[in-house]
2 protein chains.
Amino acid sequence: MLSKKTKYGLKALTYMAKKGGNEPILISEISEKENISKKFLEIILLQLKNAGFLGSKKGKGGGYYLIKSPEKITVAALIRILEGPIAMLPCVSLNFYEKCDDCPDEETCSLSRLMIEVRDSTLQVLENKTLADLT
Amino acid sequence: MLSKKTKYGLKALTYMAKKGGNEPILISEISEKENISKKFLEIILLQLKNAGFLGSKKGKGGGYYLIKSPEKITVAALIRILEGPIAMLPCVSLNFYEKCDDCPDEETCSLSRLMIEVRDSTLQVLENKTLADLT
DNA sequence: AAATACCCTAGTAAATTAATAGACTTTATT
DNA sequence: AATAAAGTCTATTAATTTACTAGGGTATTT
């Protein structure tokens with residue numbers, strides 16, 4: 001299950017991409033239009049900025065804006081920033097791998113083999129969908 | 001991410017299926033062989049029993065045993081019992097559906113459309129894998 | 001100088017996770 | 001009948017995560 005944070009982040013970015021243009025968009029505007037707590041959204045957008053997806057401008061006329069074009073932002077990349085691993089188990093995660101502690105040998109573990117299949121089929125979808133597909 | 005509970009449950013059932021036979025298997029045996037806290041495993045196996053996957057026998061010579069044959073138990077069904085929804089959002093879950101509260105119209109929601117795709121590709125794997133495939 | 005809008009630190013209530021403790025019940029064996 | 005084995009039930013708990021909220025700080029524009 002995706003957390004609200006991830007869901008909100010995806011909705012906020014979709015809103016921004018839909019709107020297009022290069023002018024900064026207010027947190028409060030996104031917050032109102034997408035029914036997201038403004039303070040919570042601040043945290044989310046800041047995180048997306050630190051990850052290199054958004055730029056920001058302070059002061060009057062300020063706000064957040066997309067840095068890359070929506071076609072170049074995959075949903076998989078966004079979920080990894082906001083949520084963390086996409087895989088169902090840490091021991092089969094590509095970007096957040098952690099060793100399995102109760103499992104003597106990951107190579108021969110039938111559960112990990114299955115979860116690799118699940119991961120790959122999920123990535124097949126998420127790596128090929130971009131922000132542009134959500135608009 | 002799957003919880004430890006789900007992971008332990010899958011490993012325990014895999015152990016049982018691998019062992020085969022009809023004799024009851026001790027909680028403590030599974031607990032030791034699979035490195036799972038015995039008390040935690042008690043809870044898990046009881047839940048699987050209440051869900052109709054396991055039978056149990058009390059007293060000396062007792063334990064847990066599989067009720068159905070491993071080929072007839074899909075991994076999807078087990079995850080639904082132990083973990084809950086397989087979908088990434090409640091509003092696209094087949095078995096644990098919940099209405100989206102911040103979304104005015106689910107029909108036209110691009111995010112939900114994407115998450116339906118993810119769900120279906122995950123289910124394509126999990127509905128077609130059984131306990132027998134894990135042995 | 002004043003207003004605007006993002007930035008930063010801190011805290012917190014609620015829920016979930018991953019157990020643990022201990023008494024109770026049922027069953028097989030001696 | 002006594003005993004030991006083995007699952008069952010109730011309760012509790014520590015740690016973590018989630019989903020926020022409060023309030024002030026800083027940069028920018030007018």
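Below, read A as the first sequence line, B as the second, and so on, with proteins coming before strands; counting in each chain starts at 1.
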#### Entry: Atom-pair distance (CZ on A:Phe40; P on D:dT18), nearest Å
9 Å
### Query
Counting only heavy atoms not in B:Glu98, do more than 12 fall under 6.0 Å of its CD?
no
#### Entry: Sugar-phosphate, base or nothing in reach of B:Lys39, heavy atoms under 4.0 Å
base
#### Entry: Closest listed nucleotide, where the reference is the side chain of B:Ser37 and the choices are D:dT21, D:dC9, C:dT20
C:dT20
### Query
Do we get A:Lys68 above A:Phe53's six-membered ring, with its NZ or CZ under 6.0 Å from the centre and within 45° of the axis?
yes
### Query
Between B:Lys19 and B:Glu34, is the closest basic N to carboxylate O distance under 4.0 Å?
no
### Message
Tell me whether the side-chain N/O atoms of A:Ser56 come closer than 4.0 Å to OP1 or OP2 in C:dA5.
### Response
no
### Query
Within 45° of the ring axis of B:Phe40 and under 6.0 Å from its six-membered ring centre, is that where the NZ or CZ of B:Lys4 lies?
no
#### Entry: Between C1' of C:dA15 and NZ of A:Lys5, the distance in whole Å
17 Å
### Query
Can a salt bridge be assigned to the pair B:Lys7 and B:Glu83 using a cut-off of 4.0 Å between side-chain N and carboxylate O?
no
### Task
Would you kindly compare A:Ile43 and A:Tyr64 by the position of their nearest DNA chain C nucleotide and give the one closer to the 5′ end?
A:Tyr64
### Query
Starting at CD1 of A:Ile30 and ending at P of C:dA5, how long is that distance when rounded to a whole Å?
13 Å
### Query
Rounded to whole angstrom units, what separation is found between the CD atom of A:Glu29 and the P atom of C:dT4?
16 Å
#### Entry: 5' precedence on DNA chain D between A:Lys57 and A:Tyr8 (nearest-nucleotide basis)
A:Tyr8
### Task
Could you tell me the separation between the NZ atom of B:Lys38 and the P atom of C:dA21, rounded to a whole number of Å?
12 Å
### Nearest-nucleotide pick for A:Lys58, side chain only, options being C:dT4, C:dC7, D:dG7
C:dC7
### Closest-nucleotide 5' rank along DNA chain D - winner of A:Lys60 and B:Ile27
B:Ile27
### Summary
note: A:Glu23, atom CD; D:dT29, atom C1'; distance rounded to Å ~ 16 Å
### Query
To the nearest Å, how far apart are A:Ile44 CD1 and C:dC8 P?
16 Å
### Task
Indicate, with a heavy-atom threshold strictly under 4.0 Å, whether A:Ile25 touches base, sugar-phosphate, or nothing.
sugar-phosphate
#### Entry: Closest nucleotide among D:dA6, D:dC20, C:dA18 to the A:Lys4 side chain
D:dC20
### Summary
Atom CD of B:Glu42 and atom P of D:dA11 are separated, to the nearest Å, by 17 Å
### Message
So B:Lys49, base contact, sugar-phosphate only, or nothing? Heavy-atom distance under 4.0 Å.
### Response
sugar-phosphate
### Task
Tell me what B:Leu45 touches on the nucleic acid: a base, only sugar-phosphate, or nothing, going by heavy atoms under 4.0 Å.
nothing
